[in-house]
Amino acid sequence: MGIKRNRIVVKVGTSTLTNELGNSNLRGMEELVRTLADIQNMGNEIVLVSSGAIAVGANKMHLSEKPRSLRMKQAAAAVGQCENMFLYDKFFGYYNKTVAQILLNADDIQEEEKKENLANTFEALLEQGIIPIVNENDSVSYTEIESDEKLFGDNDMLSAVVAILCEADKLVILSDIDGFYDKDPRLYKDAQLISRIDTIDESTYKLAGGAGSRRGTGGMRTKLQAADLATAQGISVLVTNGKNPGALYDVIEGKKVGTLFAAKR
Ligand code: ADP
């Protein structure tokens, strides 16, 4: 697979896009958007993979608790996706950037013809300087929302699939934590950040623990799966804290930040 040197896929999770009350984290989103716009101005091509539709939708619908039934989750996703895109369009608009929405299901990537069309769409958008914003099509697909063994796990896997499809050079996964630790830092105060991982194997998965935060859902396990998939295709993967979008400048400059999963070739 060819790699486009200045092409970066950035994945942002629910825990970065919403605050503790489940409302949109406007300051965080603004900072992220400004940084991405600036990085694009520096000559990079950006694809954003963004979750958060269900949480934002549930909040906008004034649901008293996280929706549990499939139909309510899908309804919340439809409302929240709209709200998220409205905010992205507005914030990116400040910097004179055009965004595009791409909603995907697992089978869009499994069928060769659909996959090729999709790759061509990304290429056409990026060629035009447009920033594609990708999410899973939660209102249509249900396997991922419902099943425990989620295929895309809060979009971590989706971001790896998109990075491969776009032949990106880097995938940056913005999490609610500074990177990958030798054990779950929420459970162990003495957990140490691992700054570089060259090989992902069973022993690495053992460090990852179960699903993650209340608002995020994937945890580190799905990030490892994503890193495994993408690094095998020659894409470097970085996991770093979404609270500090400025770290993306360091990523561009090749400075040490978060955890780097080194590309295999
Ligand atoms: P996001 O919205 O960023 O995807 P998640 O909640 O899905 O957030 O995943 C991040 C969480 O994974 C962390 O907050 C942490 O509690 C948990 N976790 C489990 N094991 C580890 C580990 N080894 N290193 C870092 N975080 C871990």
Side-chain angles (χ1 to χ4, degrees), residues 9-25 28-29 31-32 48-59 66 73 77 80-81 84 133-136 138 144-145 147-163 171-230 237-245 247-248 251 257-261:
V9 175
V10 177
K11 183 255 168 180
V12 61
T14 305
S15 50
T16 307
L17 295 172
T18 60
N19 62 23
E20 279 304 324
L21 299 174
N23 293 318
S24 293
N25 171 5
M29 269 179 109
E31 271 177 39
L32 174 68
L48 180 62
V49 176
S50 174
S51 323
I54 297 178
V56 169
N59 204 264
K66 214 171 160 180
K73 279 185 194 170
Q81 181 62 25
N84 279 345
I133 301 181
V134 188
N135 194 4
E136 186 169 353
D138 284 332
E144 290 79 20
I145 300 186
S147 70
D148 288 336
E149 197 47 54
K150 296 183 179 80
L151 182 69
F152 289 154
D154 196 40
N155 280 353
D156 292 324
M157 283 298 275
L158 175 65
S159 69
V161 169
V162 167
L171 165 62
V172 183
I173 299 182
L174 296 177
S175 182
D176 63 348
I177 202 141
D178 291 348
F180 187 67
Y181 287 72
D182 58 357
K183 47 195 156 191
D184 186 346
R186 293 199 197 284
L187 304 177
Y188 304 94
K189 289 281 162 267
D190 62 338
Q192 300 281 326
L193 182 78
I194 306 174
S195 58
R196 183 185 169 111
I197 292 185
D198 288 287
T199 314
I200 300 168
D201 53 25
E202 260 323 296
S203 64
T204 327
Y205 278 102
K206 284 208 181 92
L207 310 177
S213 62
R214 188 172 53 82
R215 281 173 294 128
T217 48
M220 278 295 148
R221 197 177 168 79
T222 51
K223 289 172 186 53
L224 282 182
Q225 288 168 335
D228 209 356
L229 192 71
V237 179
L238 284 119
V239 176
T240 183
N241 203 322
K243 282 200 188 78
N244 175 25
L248 286 165
V251 171
V257 51
T259 301
L260 166 70
F261 295 89

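Ligands are counted one by one from 1 in listed order, and the atoms in each one are counted from 1 as well. All residue numbers in this chain count up from 1 along the given sequence.
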A208 N/O to ligand 1 N/O under 3.5 Å
yes
Please work out whether any backbone atom (N, CA, C, O) or any side-chain heavy atom from C-beta onward of M220 is under 4.0 Å from ligand 1, and answer side chain, backbone, both or neither.
both
With backbone taken as N, CA, C and O and side chain as the heavy atoms from C-beta onward, which portion of P185 lies under 4.0 Å from ligand 1: side chain, backbone, both, or neither?
side chain
Give the numbers and elements of all ligand 1 atoms closer than 4.0 Å to a heavy atom of K183.
22 (C), 23 (N)
Which is it for K11 and ligand 1 at heavy atoms under 4.0 Å: side chain, backbone, both or neither?
side chain
For ligand 1, find out whether one of its N or O atoms is nearer than 3.5 Å to an N or O atom of S175.
yes
Provide the number and element of each atom of ligand 1 under 4.0 Å from a heavy atom of Y181.
22 (C), 23 (N), 24 (N), 25 (C)
Where is the tightest heavy-atom contact between L193 and G179, given as atom of each residue plus distance?
CD1-CA, 3.5 Å
With atoms numbered from 1 as shown, which atoms in ligand 1 lie under 4.0 angstrom from a non-hydrogen atom of L207?
20 (N), 22 (C), 23 (N)
Can you find a side-chain donor-acceptor pair between T204 and D201 that sits under 3.5 Å?
yes
Closest approach of I173 to V237 (non-hydrogen atoms, all atoms of both residues):
CD1-CG1, 4.2 Å
Less than 4.0 angstrom from a charged side-chain N to a carboxylate O is my criterion; do K183 and D190 meet it?
yes
Test your reading of the structure: does D184 have an N or O sitting under 3.5 Å from an N or O of ligand 1?
yes
Checking D178 against N241: is there a side-chain donor and acceptor pair closer than 3.5 Å?
yes
State, to 0.1 Å, how close K223 and S175 come at their nearest heavy-atom pair, and which atoms those are.
CE-OG, 3.6 Å
Which of the atoms of ligand 1 are close to K223, meaning less than 4.0 Å from one of its heavy atoms?
1 (P), 3 (O), 4 (O), 5 (P), 7 (O), 8 (O), 9 (O)
Can you tell if the side chain of I194 reaches within under 4.5 Å of the side chain of L207, non-hydrogen atoms only?
yes
Any non-hydrogen atom of G179 lying under 4.0 Å from ligand 1?
yes
